[in-house]
**Q** 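I have a structure here, written as structure tokens, and I will follow up with some questions on it.
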Amino acid sequence: HEGKCTKVDSEADPAVAGLLGCGVMAGIGAAINTGAVTRDDTVAVIGCGGVGDAAIAGAALVGAKKIIAVDLDERKLVQAREFGATHTVNAAEVDVVTSIQDLTDGFGADVVIDAVGRPATWEQAFYARDLAGTVVLVGVPTPEMTLQMPLIDFFSRGGSLKSSWYGDCLPERDFPTLISLYLQGRLPLEKFVSERIGLDAIEDAFHKMHAGEVLRSVVVLDR
């Protein structure tokens with residue numbers, strides 16, 4: 001419906017602009033809107049798929065001094081650096097909480113963003129943050145997932161535990177701004193477009209997504 005459309009600069013590549021509608025806005029908004037990341041903050045992002053990389057790009061955009069990318073896949077960690085990660089942690093090889101603390105002088109990160117949405121990664125995010133820091137959950141858990149932790153840890157650590165719905169955005173405000181930043185060369189939205197495909201390549205694109213070979217495959221409909 002036309003009421004659900006948001007106008008952006010027509011100079012933008014449609015394949016790039018179209019991706020704002022979910023994962024890109026969710027990640028960028030998780031960092032900027034929900035997490036309120038500012039200059040000189042330390043940020044850790046757990047999970048470096050499309051949403052996680054967008055959170056990294058958002059943190060870099062506002063000038064976070066240290067951005068730590070966490071993932072099990074070394075290929076994704078390499079890609080995370082292209083979006084602004086200053087440090088990487090391979091969760092398959094080292095303890096995530098200890099590694100983030102080591103990279104933040106023992107304090108933990110000011111903001112930790114869980115872009116996976118599993119109990120184990122949320123717990124890592126909780127313990128990897130600085131005292132009175134912020135945890136942002138943007139990865140969506142399944143209904144049956146549960147978490148069991150000592151209640152005293154919530155009390156003694158303070159801080160904020162937030163869920164980020166669609167990056168807590170206002171599309172009519174945020175979409176044109178992000179497109180403007182992209183056209184200025186300040187936000188590398190084009191890097192989210194891994195490939196442009198036709199309808200006949202959709203099944204193959206799903207396989208690539210599950211294998212972690214792409215961030216986003218964009219279907220282009222030729223008239």
**Q** Which heavy atom in V218 sits nearest to a heavy atom in A15, and how many Å separate them?
**A**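 So the minimum-distance heavy-atom pair works out to CG1-CB, 3.9 Å.
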**Q** Find out whether E123 and M149 are in side-chain contact, i.e. whether some heavy atom of one side chain is under 4.5 Å from a heavy atom of the other.
**A** yes
**Q** Is E11 atom CD crowded by more than 12 heavy atoms from other residues, nucleotides or ligands, each under 6.0 Å away?
**A**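 12 or below, so no.
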**Q** What's the spacing between L189 CG and R216 CZ if we round to 0.5 Å?
**A** 12.5 Å
**Q** Please determine if R196 and D13 form a salt bridge, counting it only when a charged side-chain N lies under 4.0 Å from a carboxylate O.
**A**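 Between D13 and R196 there is a salt bridge, with a charged N closer than 4.0 Å to a carboxylate O.
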**Q** Heavy-atom distance under 4.5 Å between the side chains of K66 and V43, does that happen here?
**A**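 A side-chain contact under 4.5 Å is absent here.
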**Q** Is the backbone of D95 close enough, under 3.5 Å, to the side chain of T98 for a donor and an acceptor to pair up by distance?
**A** no
**Q** What distance separates T134 OG1 from K162 NZ, expressed to the nearest 0.5 Å?
**A**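 Between atom OG1 of T134 and atom NZ of K162 there are 5.5 Å.
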**Q** Does CD in E2 sit with more than 12 non-hydrogen atoms of other residues, nucleotides or ligands closer than 6.0 Å?
**A** no
**Q** Restricting to non-hydrogen atoms, name the atom on K191 and the atom on E82 that form the minimum distance, rounded to 0.1 Å.
**A**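 Heavy atoms of K191 and E82 come nearest at NZ-O, 3.0 Å.
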**Q** Is R129 close enough and on-axis enough to F126, meaning under 6.0 Å and within 45°, for cation-pi?
**A**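 R129 over F126 ring: yes.
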**Q** Compare every heavy atom of F175 with every heavy atom of L20, then report the nearest pair and how far apart it is.
**A**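 Closest pair (atom of L20, atom of F175, distance): O-CZ, 3.7 Å.
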**Q** What distance do Q79 atom CD and D73 atom CG have between them, rounded to the nearest 0.5 Å?
**A** 9.5 Å
**Q** Do you know the tightest heavy-atom contact between G139 and L137?
**A**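 Where G139 meets L137 most closely, the heavy atoms are O-CD1, 3.3 Å.
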**Q** Between CG of L103 and OG1 of T86, what distance do you get to the nearest 0.5 Å?
**A**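 Going from CG on L103 over to OG1 on T86, the span is 8.0 Å.
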**Q** Between Y166 and G21, is there a donor-acceptor pair closer than 3.5 Å when you use the side chain of the first and the backbone of the second?
**A** yes
**Q** So does G212 get a backbone contact from the side chain of K76, meaning a donor-acceptor N/O pair under 3.5 Å?
**A** no
**Q** Is the backbone of G133 close enough, under 3.5 Å, to the side chain of D130 for a donor and an acceptor to pair up by distance?
**A** no
**Q** Can you find a heavy atom in the side chain of V138 that is under 4.5 Å from one in the side chain of D114?
**A**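 Not touching, per the 4.5 Å side-chain cut-off.
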**Q** Given 3.5 Å as the limit, does a donor-acceptor pair link the side chain of S180 with the main chain of P176, or not?
**A**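 Side chain of S180 to backbone of P176, a donor-acceptor pair under 3.5 Å: no, none is there.
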**Q** Under a 3.5 Å distance rule, please check whether N90 uses its side chain to pair with a backbone N or O of A92 as donor and acceptor.
**A**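 Flag set: sc N90 to bb A92 pair under 3.5 Å.
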**Q** Within the distance-only criterion (no hydrogens, no angle test), does the side chain of D9 pair as donor or acceptor with the backbone N or O of A12 below 3.5 angstrom?
**A**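 Such a contact is absent between D9 side chain and A12 backbone.
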**Q** Would you mind writing out the side-chain donor-acceptor pairs for residues 25-36 within the sub-3.5 Å range, not counting sequence neighbours?
**A**
| residue | atom | partner | partner atom | Å |
| --- | --- | --- | --- | --- |
| N33 | ND2 | G167 | O | 2.9 |
| N33 | ND2 | D168 | O | 3.4 |
| N33 | ND2 | D174 | OD2 | 3.4 |
| T34 | OG1 | S164 | OG | 2.7 |
| T34 | OG1 | D168 | OD2 | 2.6 |

**Q** What distance separates I46 CD1 from R118 CZ, expressed to the nearest 0.5 Å?
**A** 13.5 Å
**Q** Determine whether more than 12 heavy atoms belonging to other residues, nucleotides or ligands lie under 6.0 Å from atom CZ of F206.
**A** no
**Q** Give the minimum heavy-atom separation between V51 and A115, together with the two atoms involved.
**A**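 Scanning both residues, the minimum pair turns out to be CG1-CB, 4.3 Å.
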**Q** Under a plain distance cut-off of 3.5 Å, with no hydrogens placed, do T38 and D41 share a side-chain donor-acceptor pair?
**A** yes
**Q** Look at the side chain of D71 and the backbone N and O of C48, then say whether any donor-acceptor pair between them is shorter than 3.5 Å.
**A**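 Yes, D71 side chain to C48 backbone: donor-acceptor pair under 3.5 Å.
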**Q** Could you measure the distance from the OG1 atom of T104 to the CD1 atom of I68? Nearest 0.5 Å is fine.
**A**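 Output value for this atom pair is 5.5 Å.
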**Q** For S217, give me all partners under side chain to side chain donor-acceptor pair (under 3.5 Å), at least two apart in sequence or on another chain.
**A** E195
**Q** Are more than 12 heavy atoms, taken from residues, nucleotides or ligands other than R173, located less than 6.0 Å from that residue's CZ atom?
**A** yes
